[in-house]
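Encoded as structure tokens, the structure appears first; notes follow it.
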Amino acid sequence: MPMDEINQIFDRIFKRIFTFSDMVITNLINGLFGTNHPPDSQVEYSNRESTKADLSHTYADIFIIINKTWHYHLEAQVYHDKTIVMRVFEYGFYHALETREDNYTLQFPEPVVIYFCNEPNVPEISSIRIVLPDQQEFTYTVKNYVYLRHNLEELNRKKMIVFIPFQMVRVRDRLLPNGKVCFLSENDIQELKNFIESDILGSIKANLQVGNIMLEDYNQLLELTNELYQQILLQYQKKGGSEDMKPLLPGALELPNDKYRFQIDELETEVASLTSENTSLTSENASLTNENASLIDKVQTLEQTVAELQRKLNEDITSN
């Protein structure tokens with residue numbers, strides 16, 4: 001699987017987690033930045049498209065504003081990129097321009113780059129030196145959050161629940177270490193299965209039970225986990241991996257209320273169809289009603305004309 005396709009998979013999944021409830025996203029921000037925003041905080045997403053002076057466009061990952069005051073910038077990377085700090089600074093600058101409250105203050109968002117890779121040379125922070133015309137200088141730093149350096153216990157403790165599906169990165173690294181296929185024994189496969197079912201899915205379920213996530217969040221987490229697994233499995237098989245990996249998750253990610261959701265979807269489709277049909281019939285009925293009213297008017301007009309002619313006829317007969 002080409003590098004850009006891998007990036008697209010993780011980038012797509014990463015962006016989807018920001019459809020979760022405000023409480024879950026607030027907990028994620030608290031975990032990433034060591035803040036203590038209340039769980040009922042208001043979460044807003046700033047425009048991620050910026051227009052530069054030359055009218056070209058730049059796209060950042062996620063800008064989050066908590067309670068209309070605290071600004072955060074999250075970027076996701078699959079591979080170590082030493083130049084990302086420059087782009088983060090650029091994105092942050094345009095964000096500060098777009099969200100400024102006056103013409104004299106630029107408030108940069110607090111940035112973090114999340115790495116979904118297993119590269120030991122990613123530093124805890126990246127920085128660049130900014131030199132002003134008067135030779136004043138300052139250092140702009142970006143925190144690097146290397147995902148695989150943080151275990152499930154930490155994610156659960158810090159309530160960073162939306163990051164749990166990315167534990168599938170560990171599965172990827174077992175199946176495709178350094179991008180090459182690894183043929184696992186039955187015991188290895190069973191270990192992976194237990195890890196997914198007990199650690200990943202078990203953690204998601206436990207967080208639902210203690211109220212750290214809502215039911216809709218829970219369902220989405222299962223779906224994201226399943227999507228990541230299917231993409232990793234596809235990558236594994238494309239590179240020559242065994243088809244025996246396919247039953248690794250037999251039914252494990254089936255949502256507990258799927259059968260109801262499917263029925264609801266079917267009923268909603270039927271309701272939509274009937275509503276459309278009813279609208280069409282109502283429109284047709286309205287048209288027929290108007291046509292009928294027009295015909296009645298014509299009949300009444302004709303009757304009046306006939307009556308007038310009959311009156312004139314009677315007058316003529318009488319006068320003769």
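Quick note: residue numbers are just sequence positions, from 1.
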Using 4.0 Å as the upper bound for N to carboxylate O, is an ion pair formed by E154 and K158?
yes
When you check the gap from the basic side-chain N to the acidic O, do E110 and K143 get nearer than 4.0 Å?
no
Report the residue from F20, F166, Y229, F14 that forms a side chain to side chain contact (heavy atoms under 4.5 Å, CB included) with L224.
F20
Do the ring planes of F93 and F89 sit parallel (below 30°), tilted (30 to 60°) or perpendicular (above 60°)?
parallel
Using the six-membered ring wherever Trp is involved, compare the ring planes of Y45 and F18 and label them parallel, tilted or perpendicular (cut-offs 30° and 60°).
perpendicular
Pairwise salt bridge (charged side-chain N to carboxylate O under 4.0 Å, His left out) hits with a residue in residues 22-36, at least two apart:
none
Would you be so kind as to tabulate the donor-acceptor pairs closer than 3.5 Å made by side chains of residues 116-129, with sequence neighbours excluded?
residue, atom, partner, partner atom, Å
E119, OE2, H80, N, 3.3
S126, OG, N144, ND2, 2.9
R129, NH1, E137, OE1, 3.1

Determine whether the aromatic ring centres of residues H73 and F108 are separated by less than 6.0 angstrom.
no
Any chance you could lay out the ring pair (Phe, Tyr, Trp, His ring centres under 6.0 Å) test for H95 and H71, step after step, and finish with the verdict?
CA-CA 9 Å; H95 174 79; H71 296 236; 5.1 Å; yes
Check: I213 main-chain N/O paired with D217 side-chain donor or acceptor under 3.5 Å:
no
With the side chain counted from C-beta on, respond yes when L208 and M214 share a heavy-atom pair under 4.5 Å apart, and no when they do not.
no
Start with the C-alpha gap between T289 and N292, add the side-chain angles, then the distance that decides, and say whether side chain to side chain donor-acceptor pair (under 3.5 Å) holds.
CA-CA 5 Å; T289 299; N292 184 55; over 6 Å; no
Anything under 3.5 Å between a donor and an acceptor, one on a side chain of residues 33-44, the other on a protein residue two or more places apart or in another chain? List them.
residue, atom, partner, partner atom, Å
T35, OG1, N30, OD1, 2.7
H37, NE2, Y72, OH, 2.7
S41, OG, P38, O, 2.6
S41, OG, N67, ND2, 3.2
E44, OE1, K68, NZ, 3.4
E44, OE2, K68, NZ, 3.4

Would you please test Q167 and Y147 for side chain to side chain donor-acceptor pair (under 3.5 Å) and show each step?
CA-CA 9 Å; Q167 288 292 309; Y147 180 80; 3.0 Å; yes
Any donor-acceptor N or O pair under 3.5 Å, side chains S21, E216:
no
